[in-house]
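I have placed the structure first, in the form of structure tokens, so that the comments after it can refer back to it.
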2 protein chains.
Amino acid sequence: MASAPHLLNALKERNVRLTRQRRVVLDALAVSGNHVRAEDLLREGRKRDPNLDRATVYRTLAMLKEHGLIDELDLLHLDGRGHYYEMRGHQDHVHIGCTECGRVTELHSPIVQALLDEVASHTGFRATSARIEVQARCPECAGGNAREQR
Amino acid sequence: MASAPHLLNALKERNVRLTRQRRVVLDALAVSGNHVRAEDLLREGRKRDPNLDRATVYRTLAMLKEHGLIDELDLLHLDGRGHYYEMRGHQDHVHIGCTECGRVTELHSPIVQALLDEVASHTGFRATSARIEVQARCPECAGGNAREQR
DNA sequence: ATACTATTTGCGACAATGTCGCATCTGAGA
DNA sequence: TCTCAGATGCGACATTGTCGCAAATAGTAT
């Protein structure tokens with residue numbers, strides 16, 4: 001189950017030392033899908049290496065983030081106040097969270113790129129990545145009581 | 001110095017009890033401008049009421065957020081891991097933070113609305129607000145060493 | 001295969017940020 | 001002025017993340 005080969009290769013190319021623990025965290029990341037919390041990774045990782053330490057997970061996440069291989073989200077704190085991580089894909093996308101049921105959806109749209117272009121041309125800031133989190137009500141929750149808007 | 005009348009009125013309309021402490025927090029919010037941390041509000045508020053408690057600040061912020069009167073940001077954790085608050089204006093805007101110097105800029109753009117419309121039409125989620133945080137390098141930082149892209 | 005060494009890990013202590021229960025206090029309506 | 005639902009202050013606690021340092025180890029050289 002050699003998961004996340006993409007990340008493994010990226011790390012090799014950058015001469016990052018591949019420790020057992022880092023492989024474990026990468027595995028856990030690959031298995032866990034999007035929107036994982038650090039603590040989930042710790043728990044998942046400990047299935048493979050029971051001695052895996054909390055600090056190691058955090059340090060690995062920080063390292064991956066520094067290399068631009070993962071993104072850190074907080075999904076509007078709809079649930080708790082921790083952070084979520086996901087492998088960084090080809091392009092940025094929008095996270096949409098329902099304020100009532102907490103469900104999170106993603107949306108890929110060319111408008112995101114248009115926005116980044118606009119940022120560059122108006123401010124001169126050269127964007128490296130974007131985090132777009134939309135607070136919303138999902139169709140189900142909005143349907144149930146469409147009348148009371150607030 | 002009756003600041004933030006807009007917020008005061010909004011709270012009155014909603015029959016929220018206007019305590020001395022809440023006025024103090026609103027004042028502190030108005031004085032402090034955008035991107036304030038809870039701790040800053042506490043310190044600023046204590047100038048007006050030395051007994052103002054941390055829990056009260058947090059509870060007031062939670063209340064304001066629930067009423068949609070302020071937004072909570074984390075500005076990509078460019079500096080620390082706390083949260084920032086700002087009074088909610090007429091329309092959502094983009095926060096752009098430089099990963100090197102930490103400077104934060106804002107950008108208002110009609111593209112934001114276009115993005116929300118797209119969210120609605122593609123996912124059925126009805127957006128109530130958006131938080132857009134762009135990671136970038138500001139012109140100064142990018143200029144200094146434009147060669148080393150990484 | 002073994003030795004070497006810079007890096008990484010585990011550990012435990014700590015820091016920062018936020019939350020909660022409960023006794024007391026108070027804003028605002030009657 | 002009286003009243004009481006709701007807000008506050010306080011202190012204890014929870015969660016999330018960080019750090020220093022001794023021990024372990026990946027990757028390289030021998």
Side-chain angles (χ1 to χ4, degrees), chain A residues 7-28 35-46 48-67 70 72-85, chain B residues 2 7-28 35-46 48-67 69-70 72-85:
Chain A
L7 290 189
L8 268 180
N9 290 334
L11 291 180
K12 278 180 194 164
E13 276 171 23
R14 292 156 196 259
N15 294 319
V16 171
R17 194 185 277 188
L18 278 179
T19 65
R20 178 170 37 85
Q21 290 88 339
R22 285 180 177 165
R23 292 172 191 274
V24 163
V25 172
L26 293 186
D27 267 16
H35 317 153
V36 203
R37 294 176 311 161
E39 208 183 335
D40 298 329
L41 286 178
L42 178 59
R43 196 169 35 245
E44 184 64 32
R46 278 185 169 161
R48 298 160 174 74
D49 177 350
N51 292 324
L52 182 65
D53 195 76
R54 201 155 46 110
T56 301
V57 172
Y58 281 113
R59 287 192 278 233
T60 301
L61 286 173
M63 182 271 293
L64 291 171
K65 185 180 162 198
E66 216 155 279
H67 283 281
I70 59 172
E72 186 187 29
L73 319 167
D74 70 11
L75 297 180
L76 293 157
H77 299 290
L78 293 179
D79 171 49
R81 67 219 79 92
H83 293 142
Y84 298 81
Y85 300 89
Chain B
L7 290 190
L8 269 180
N9 291 335
L11 291 180
K12 276 179 194 162
E13 277 172 22
R14 293 156 195 261
N15 294 320
V16 171
R17 194 184 280 188
L18 277 179
T19 65
R20 176 170 39 81
Q21 291 88 337
R22 285 180 176 167
R23 291 173 192 274
V24 162
V25 172
L26 291 186
D27 268 17
H35 315 153
V36 204
R37 294 175 311 163
E39 207 183 334
D40 298 329
L41 286 178
L42 177 59
R43 197 170 35 246
E44 184 65 32
R46 277 185 171 162
R48 296 160 174 75
D49 177 348
N51 292 324
L52 181 64
D53 195 78
R54 204 154 43 109
T56 302
V57 172
Y58 281 112
R59 287 191 277 233
T60 302
L61 287 174
M63 182 270 291
L64 291 171
K65 186 180 161 199
E66 216 155 280
H67 283 282
L69 299 173
I70 60 172
E72 186 186 30
L73 319 168
D74 70 10
L75 297 182
L76 292 158
H77 299 290
L78 294 179
D79 172 49
R81 65 217 83 91
H83 293 143
Y84 297 82
Y85 299 89

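The chains referred to below are lettered A, B, ... by the order of the sequence lines, with proteins before strands, and numbering in each begins at 1.
- Between the CG atom in B/Asp27 and the CD atom in B/Glu44 there is a gap of 9.0 Å [rounded to 0.5 Å].
- Rounded to whole Å, the distance from CZ on A/Arg37 to C1' on D/dT15 is 10 Å.
- Under the 4.5 Å side-chain criterion, counting only non-hydrogen atoms from C-beta, B/Leu41 is not in contact with B/Thr60.
- Within the model, atoms CZ of A/Arg22 and OG1 of A/Thr56 stand 9.0 Å from one another, a figure rounded to the nearest 0.5 Å.
- Contact record, B/Ile70 with B/Lys65: CG1-N, 3.6 Å, taken as the closest heavy-atom pair.
- Ranking D/dC19, D/dG17, C/dG18 by closeness to the A/Arg59 side chain, first place goes to D/dC19.
- Between A/Asp74 atom CG and C/dT17 atom P there is a gap of 15 Å when expressed in whole angstrom units.
- A sub-4.0 Å separation between OP1 or OP2 of D/dT18 and a side-chain N or O of A/Tyr58 is absent.
- Taking each heavy atom of B/Gly45 and B/Ala28 in turn, the nearest pair found is N-CB, 4.1 Å.
- For the pair B/Met63 CE and D/dG6 C1', the interatomic distance rounds to 12 Å; values are reported in whole Å.
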What are the atom names and distances for every N/O pair under 3.5 Å that joins the protein to nucleotides 11-14 of chain D?
none

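- Between the C1' atom of D/dT8 and the CG atom of B/Leu52 lies a distance of 10 Å, rounded to the nearest Å.
- Between A/His83 and B/His77, the ring planes are perpendicular. Angles over 60° get that label, and only those under 30° would be called parallel.
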Nucleotide by nucleotide, nucleotides 25-30 of chain C touches protein heavy atoms under 4.0 Å in the pattern (B base, S sugar-phosphate only, - none) -BBS--
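- Separating the OH atom of A/Tyr84 from the C1' atom of D/dT15 is a distance of 13 Å, rounded to the nearest angstrom.
- OP1 or OP2 of C/dG18 lies within a sub-4.0 Å distance of a side-chain N or O belonging to B/His83.
- Residues A/Arg22 and B/Glu39 each lie close to DNA chain C; by heavy-atom proximity, the contact nearer the 5' end of the strand is made by A/Arg22.
- Across all their heavy atoms, B/Tyr85 and B/Glu72 have their closest contact at OH-OE2, 3.2 Å.
- Residues B/Leu8 and B/Arg23 have side chains in contact (heavy-atom distance under 4.5 Å, counting atoms from C-beta outward).
- At whole-Å resolution of the value, CG in B/Leu42 and P in D/dT8 are 13 Å apart.
- Rounded to whole angstrom, the span from the NZ atom of B/Lys65 across to the P atom of C/dG18 amounts to 10 Å.
- Annotation: the span from B/Met63 atom CE to B/Leu69 atom CG amounts to 8.0 Å, rounded to 0.5 Å.
- Here D/dT15 presents its C1' atom at 14 Å from CZ of A/Arg43, a figure rounded to the nearest Å.
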